[in-house]
Amino acid sequence: MEQSAPKYEEFRKQFDLPFSVKAKNKTFHYLPYNFNQSLFEKDTLLEILRLHEFKNRKLEVYYNGERGLTEFEIKCFAKEGKYWRNIGRYTPDFLIVNRKKNELHKILILETKGEGFASKPDFVKKKNYVETEFLKTNNEKFGYKRFDFLYLQDDEPMPNKLAKLKTKF
């Protein structure tokens with residue numbers, strides 16, 4: 001009888017949950033994800049969820065890349081002479097949040113772009129605004145480096161991108 005019964009480990013494996021389900025309390029999920037426009041975003045999300053730093057440091061990741069799905073957008077401006085001109089809204093792909101005592105402490109704005117989209121003038125202007133004015137103004141308001149920004153491009157090897165991400169943590 002003992003030899004015909006499946007071993008406990010083999011039996012238990014059929015009930016194992018996928019990693020994305022195990023990480024459900026560390027990220028925001030909506031159904032269905034729409035990664036049709038960018039498999040790079042999908043791959044980035046999966047790699048973030050696997051990071052040791054992510055699992056052990058109480059970081060949360062929020063996929064924000066679906067325009068209009070969330071309310072997190074940045075109103076961007078460009079200085080023309082002595083005046084600022086509205087150049088539109090920027091929706092970053094991901095937000096990585098670190099909390100202290102259940103309060104937002106640090107927020108990493110993560111943008112992923114394919115090589116073909118990186119040099120589009122509209123994106124370049126918005127990226128420049130976020131990297132300079134947005135970070136400066138908001139970090140001054142909070143009195144510490146609460147916001148940071150990281151840009152990752154798909155033509156770079158994933159290990160290099162993950163190293164940049166870990167440095168920002």
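Nothing fancy with the numbering, it's 1 onward along the sequence. Computed from heavy atoms alone, side chains included, the values below leave out hydrogens, waters and symmetry copies.
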Within 45° of the ring axis of [Y] and under 6.0 Å from its six-membered ring centre, is that where the NZ or CZ of [X] lies?
X	Y	answer
K113	F40	no
R146	Y144	no
K127	Y151	yes

>> Could you measure the distance from the NZ atom of K126 to the CZ atom of F123? Nearest 0.5 Å is fine.
In response: 10.0 Å
Return yes if some donor-acceptor pair links the side-chain N/O of [X] with the main-chain N/O of [Y] below 3.5 Å, else return no.
X	Y	result
N139	L135	yes
D93	T112	yes
D154	E115	yes

> Can you tell me if E131 and Y129 form a side-chain donor-acceptor pair at under 3.5 Å?
Replying inline: no
> G114 and Q153: which non-hydrogen atoms are nearest, and at how many Å?
Replying inline: C-CG, 4.4 Å
>> The test is side-chain contact (heavy atoms from CB on, under 4.5 Å); show your working for M158 and D43 and say whether it passes.
In response: CA-CA 9 Å; M158 187 58 84; D43 293 343; 4.2 Å; yes
Side-chain heavy atoms of [X] within contact of [Y], under 4.5 Å:
X	Y	answer
I96	L110	yes
N98	I107	no
R89	I74	no
L95	V61	no
F149	K168	no
V97	Y62	yes
L150	I109	no

> Should E103 and R99 be marked as a salt bridge (charged side-chain N to carboxylate O under 4.0 Å, His left out) after you check the CA-CA gap, both sets of side-chain angles, and the distance that decides it?
Replying inline: CA-CA 5 Å; E103 297 289 326; R99 294 181 189 265; over 6 Å; no
>> Quick test of your reading of the model: are K161 and E156 salt-bridged, counting only N-O distances below 4.0 Å?
In response: no
>> Between D148 and K145 (salt bridge meaning N to carboxylate O under 4.0 Å), is one present in this structure?
In response: yes
>> Please tell me whether Y63 and F94 form a close aromatic pair, meaning their ring centres lie under 6.0 Å apart.
In response: yes
>> Between F134 and F147, is the ring centroid distance below 6.0 Å?
In response: yes
>> For residues L104 and V130: do they belong to one hydrophobic cluster (side chain heavy atoms under 4.5 Å, members Ile, Leu, Val, Met, Phe, Trp, Tyr)?
In response: yes
> Is it the case that one hydrophobic cluster holds both F72 and Y90, taking links as side-chain heavy atoms less than 4.5 Å apart, direct or via other members?
Replying inline: yes
